[in-house]
Amino acid sequence: MAAPNPLLTPYKMGQFDLSHRVVLAPLTRQRSYGNVPQPHAILYYSQRTSKGGLLITEATGVSDTAQGYPQTPGIWTKEQVQAWKPIVDAVHAKGGIFFCQIWHVGRVSDSEYQPNGQAPISSTDKPLSPQIRSNGIDEVQFTPPRRLRTDEIPSVVNDFRLAARNAMEAGFDGVEIHGAHGYLLEQFMKDKVNDRTDEYGGSLENRCRFPLEIVEAVVNEIGAERVGIRLSPFAEYAECGDSNPKQLGLYMVNALNKYGILYCHMVEPRMKTVGEKVECPHSLVPMRKAFNGTFIAAGGYDRKDGIDAVAENRTDLVAYGRLFLANPDLPNRFSLDATLNKYIRETFYTNDPVLGYTDYPFLE
């Protein structure tokens with residue numbers, strides 16, 4: 001008899017009984033018109049739900065200054081909370097566990113996405129250079145950011161706290177704080193961006209103060225057993241790099257242990273930027289060993305990589321993005337070692353409610 005596939009073995013994550021270890025990664029899809037989740041998301045998320053499977057929402061803004069992309073959802077207004085409810089209900093109806101990823105883009109924005117056309121906020125006033133969009137054609141410009149004053153930081157922490165409370169009201173099982181990929185929290189954590197001279201800049205401890213204040217506020221609001229965080233110490237998205245990423249990653253997981261949060265979701269060092277895998281001497285194993293809660297690894301995994309990572313105890317769970325986007329029944333396909341649908345990159349970020357969103361076929 002064949003040994004069980006490690007990716008499809010049960011796992012107890014705090015109070016949640018997972019039936020397998022294949023997680024839907026948070027995936028921006030840009031189909032939330034006017035920053036409000038839409039009814040077509042009910043089908044999208046429920047298609048990707050399996051009994052005892054963990055799903056993480058697309059990045060969801062915590063305030064009206066948190067946005068940096070067209071048609072991304074938020075969770076700071078009553079209307080947004082109400083719009084999330086049927087989506088959450090659909091996932092729960094199929095036995096899924098659903099976490100809301102809460103997010104602030106910081107300087108990865110433009111004044112067109114900001115209230116009253118103001119400058120985006122950040123740890124710094126250093127601008128981001130123009131970037132080529134994921135379609136490889138268009139160039140995106142970013143408005144130079146405004147450095148947050150020390151006395152303004154508590155109100156941003158409070159935005160995350162209120163977003164977590166709103167997520168509970170919408171029925172989510174928990175929240176994942178987005179501390180990865182060059183967005184606001186990383187703009188504080190990483191020394192190639194953070195050039196502050198107050199207590200939020202300089203030393204590693206100071207640079208990590210803001211994200212840890214958010215963790216503390218969210219834990220106090222909804223309980224540590226409902227809180228995860230996503231980190232990418234090794235990545236350099238949006239010109240957000242650090243001179244000692246391993247030290248940063250270890251400092252953060254050790255600090256997170258003090259709060260007893262449910263999970264840490266970390267991006268593999270081999271993912272330098274979106275979709276770009278590189279050979280790399282680093283690994284997440286030191287962070288995995290240091291962290292007391294559930295560990296989720298992400299970044300360029302295929303079926304075999306995921307099996308090996310769980311079998312070798314390098315992670316508890318594996319988050320899949322592009323493969324899960326294109327294969328709504330990914331855990332089932334992994335169990336059968338079935339052929340996978342190919343993902344269509346051109347439709348990742350279109351605003352069509354069906355095309356490239358809910359029209360990927362299931363196995364017959």
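Treat the numbers as computed from the prediction; the structure is a model and nothing was measured.
- Partners of D352 by salt bridge (Lys or Arg N to Asp or Glu O under 4.0 Å), not counting sequence neighbours: none found.
- Not counting sequence neighbours, the partners of A224 by the side chain to side chain contact (heavy atoms under 4.5 Å, CB included) test are V219.
- Applying the ring-ring contact (aromatic ring centres under 6.0 Å, His included) rule to Y11 yields no partners; only residues at least two apart in sequence or on another chain are considered.
- For R209, there are no salt bridge (Lys or Arg N to Asp or Glu O under 4.0 Å) partners at least two apart in sequence or on another chain.
- Among residues two or more places apart in sequence or in another chain, the salt bridge (Lys or Arg N to Asp or Glu O under 4.0 Å) test is passed with D329 by R333.
- Listed by first then second residue, pairs satisfying side chain to side chain donor-acceptor pair (under 3.5 Å) with a partner in residues 353-364 number zero, not counting sequence neighbours.
- The two residues L212 and A255 make their nearest non-hydrogen contact at CD1-CB, 3.6 Å.
- In this structure H181 satisfies the ring-ring contact (aromatic ring centres under 6.0 Å, His included) test together with H178, Y237, sequence neighbours excluded.
- Residue pairs satisfying the side chain to side chain donor-acceptor pair (under 3.5 Å) criterion with at least one member in residues 188-197, sequence neighbours excluded, are listed as follows: T124-D195, R147-D195, E186-K190, D191-S243, R196-D198.
- For P353, the side chain to side chain contact (heavy atoms under 4.5 Å, CB included) partners at least two apart in sequence or on another chain are Y33, H40.
- For residues 160-183, the set of pairs meeting the salt bridge (charged side-chain N to carboxylate O under 4.0 Å, His left out) definition, not counting sequence neighbours, comprises R161-E221, R165-E221.
- Take F172 and apply the ring-ring contact (aromatic ring centres under 6.0 Å, His included) test, not counting sequence neighbours, and it matches W84, F98.
- Looking at residues two or more places apart in sequence or on another chain, you find a ring-ring contact (aromatic ring centres under 6.0 Å, His included) between Y343 and F348.
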